[in-house]
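To start, the structure itself, in C-alpha cells.
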Amino acid sequence: MRSPRICCLDLDTFFVSVERLLDPSLVGRPVIVGARPGQRGVVVAASYEVRPLGVHSGMSMSEAIRLAPHAEFRSPRHDTYGPYARRVRAVLERFTPAVQTASIDEFYVDFHGCERLHRRPGDVDDDAALVRLLHELRATVHREVGLPVSAGVGCTRRVAKIASGLAKPNRALPVDDGRHLGSGVVLVPAGQERAWLGSLPLRRFPGIGPKAEQRLAQLGLHTIEELLALPPGPELDEVHRVRGWIQGAFEGETLDLGRDRPAFREHDPEGSTLGSISNECTFPRDLSRRAEVEQHLLALVERVCWRARARGVQGRTVTLKLRYRDFHTVQRSRTCAPTAEDAEVLKTARALLERAWSRRVSIRLLGVCLSNLAGPDRQLQLPLGAPIRSPSTAIDVVRQRFGFAAIRRGQAVGRSR
DNA sequence: TCTGGGGTCCTAGGACCC
DNA sequence: TCTGGGGTCCTAGGACCC
C-alpha cells in the first residue's frame, strides 16, 4: 500500500554546524568553510547568514570573499566531520533498523512496518504519528550530538529528498499553508505530490542540474507543474525522460526507477558494484615540466593503491584525468589484469599520461582513478603481523600503525618538501 | 588569481563473438 | 559476396550529487 514512509534526513549546513560545535564563538556569525583565501578552491559550506549575499557551495573562494568579506573563513577538516555523521547514524538506528547513509550529511530511513511501534494515543493518524516521531528524532540528535537536522517524508526517495529541502529552517517562507514549510519536518501525503510540489522550480527535482534546467527553460518549462501539464504528443527525448522520472517519483512506482528503489541496500551482496577509488589534485600553480608532473602522478598512484589495499580490493581499470590550464579536460583509461600494486598502476598511468598530455599547454589538475574493482581479496587483507609479500605491503604495515603520510617514496615527496 | 574533490550514473560508438 | 542482429566489454565524455 502506498504510504509516505520513506524519510530523508539532512544535516543543516553540516560542516558549518560542526565548526560551530568546536568553536562556539562562530554561532550566529557568518561562516564560510572552504579553501584558504589565496588558494585555488571553492566554498564547501556556507552558513545561512551569508546565503542572502549570494554565497553558495561550489562558488570560487575569491568570489565568496568579495561577496562576504566580513565572514569567518575556515578550512574543511574532513577527518573531523565523519565521526559526527556516524554518531547521528547511531541515533537514527535506535528509531528504525532501516537506515541508509547517502552521503556524509544525508541519510534515508524507512519506516515501513514501524507504524504500530511508534503510534501513540493522541496521534490523529499514521502520518501525524510519523511527524511527531520525526520531531522527537530531531530533538534527540540535537540533544545528543548537537547538530540540527531536517526531515522530509514521502512515498519515494526523491519526494522525501525534495521535502527535506522544504523542511529546512531559515528559508524565505510563505505564510503557513498547512505544509509546515521550514518547521524541520515536511511530510508529503500520498497522492498529493503534484499539489504540494508542482509549483517548485524544476531545478529542485533531484537529477535536474543547471544544464537540464537551462535546456528545459529554453522550451518554456520552469516548474514541475508546467512539465506535467504538457499535453501529450511528440516530445523531445529529454522532456519525455524527465517527465517519466517525475511521474515515477510522484506515483511511487518501483519499476524502472533506478535510483529511486524503496528497498535499501547498504552493500551489494554480490559485490558487483564496488564502485571506484580516485584521487585528484589541483596544483597550487600550473605545471609544465614533465618531471614535476610525474612526481605528482606517483603520489596520486600511491594514495589510490593504498586505499584499495586497505579495502582489500583490486582494480582492473586505471583512468588518468588531466586538466589543462584553460580547463580543457581529458581522460584516458586502460583495462588490464586486477591489481592494487603501486608499480603496476604507475606503469599504466605513465603510459596514459603519455597519451593524454598531447597539447603544449601547462596542467592545472591531475587525477588517478582505479575502477572495475574486484575483491575483497583475502590475500591482501593485512592484520598486523601478516606476512609481507611485496614492497607495497611492507609499506602498508607501517601505514596501518602511523597513517598514510608516515612513509612515502622519495620520488613522490620531491626535493622541495 | 575565476572554476575542489570524491563519487555515481548515463550515453554513444566501436570491437568482437556467436 | 552481402547483410543481419543481440550481447558484452571497453573507452570517452558529460551531467549530476554532496
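Just so we're clear, the structure is a prediction, and the values are computed from it rather than from any experiment. Within every chain, numbering begins at 1; the chains are lettered A, B, ... in the order of the sequence lines, protein sequences first and strands thereafter.
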Does R285(A) pair with E292(A) as a salt bridge, N-O distance under 4.0 Å? yes
Is the shortest side-chain N to carboxylate O distance from E344(A) to R350(A) below 4.0 Å? no
Indicate, with a heavy-atom threshold strictly under 4.0 Å, whether C369(A) touches base, sugar-phosphate, or nothing. nothing
Under 4.0 angstrom, heavy atoms only, what part of the nucleic acid is R364(A) near: base, sugar-phosphate, or nothing? base
Using atom C1' in both nucleotides, what's the gap between dC16(B) and dG4(C) to the nearest angstrom? 16 Å
With a 4.0 Å cut-off on heavy atoms, is A102(A) in touch with a base, just the backbone sugar-phosphate, or nothing at all? nothing
Under 4.0 Å, heavy atoms only, any strand: does E106(A) hit a base, just the sugar-phosphate, or nothing? sugar-phosphate
5'-most by nearest nucleotide on DNA chain B - G38(A) or L365(A): G38(A)
By the 4.0 Å heavy-atom rule, please label P206(A) as base, sugar-phosphate, or nothing. sugar-phosphate
For K161(A), report the nucleic acid contact type (base, sugar-phosphate, nothing); a contact means any heavy atom under 4.0 Å. sugar-phosphate
With heavy atoms under 4.0 Å as the rule, sort R215(A) into base, sugar-phosphate or nothing. nothing
Does T335(A) make a side-chain N or O approach to OP1 or OP2 of dT11(C) shorter than 4.0 Å? yes
For R66(A), which contact category applies under a 4.0 Å heavy-atom criterion: base, sugar-phosphate, or nothing? nothing
Fill in the dot-bracket string of DNA chain B, one character per base: . for unpaired, | for a pair to another strand, ( ) or [ ] for pairs within the strand, taking Watson-Crick or G-U pairs under 3.5 Å. ....||||||||||||||
Under-4.0 Å side-chain N/O to phosphate OP1/OP2 contact, R203(A) with dA15(C): no
Which nucleotide in the set dC18(C), dC16(C), dA12(C) lies at the smallest distance from any side-chain heavy atom of S333(A)? dA12(C)
Nearest-nucleotide check on DNA chain B, C281(A) vs S276(A); residue mapping nearer the 5' end is C281(A)
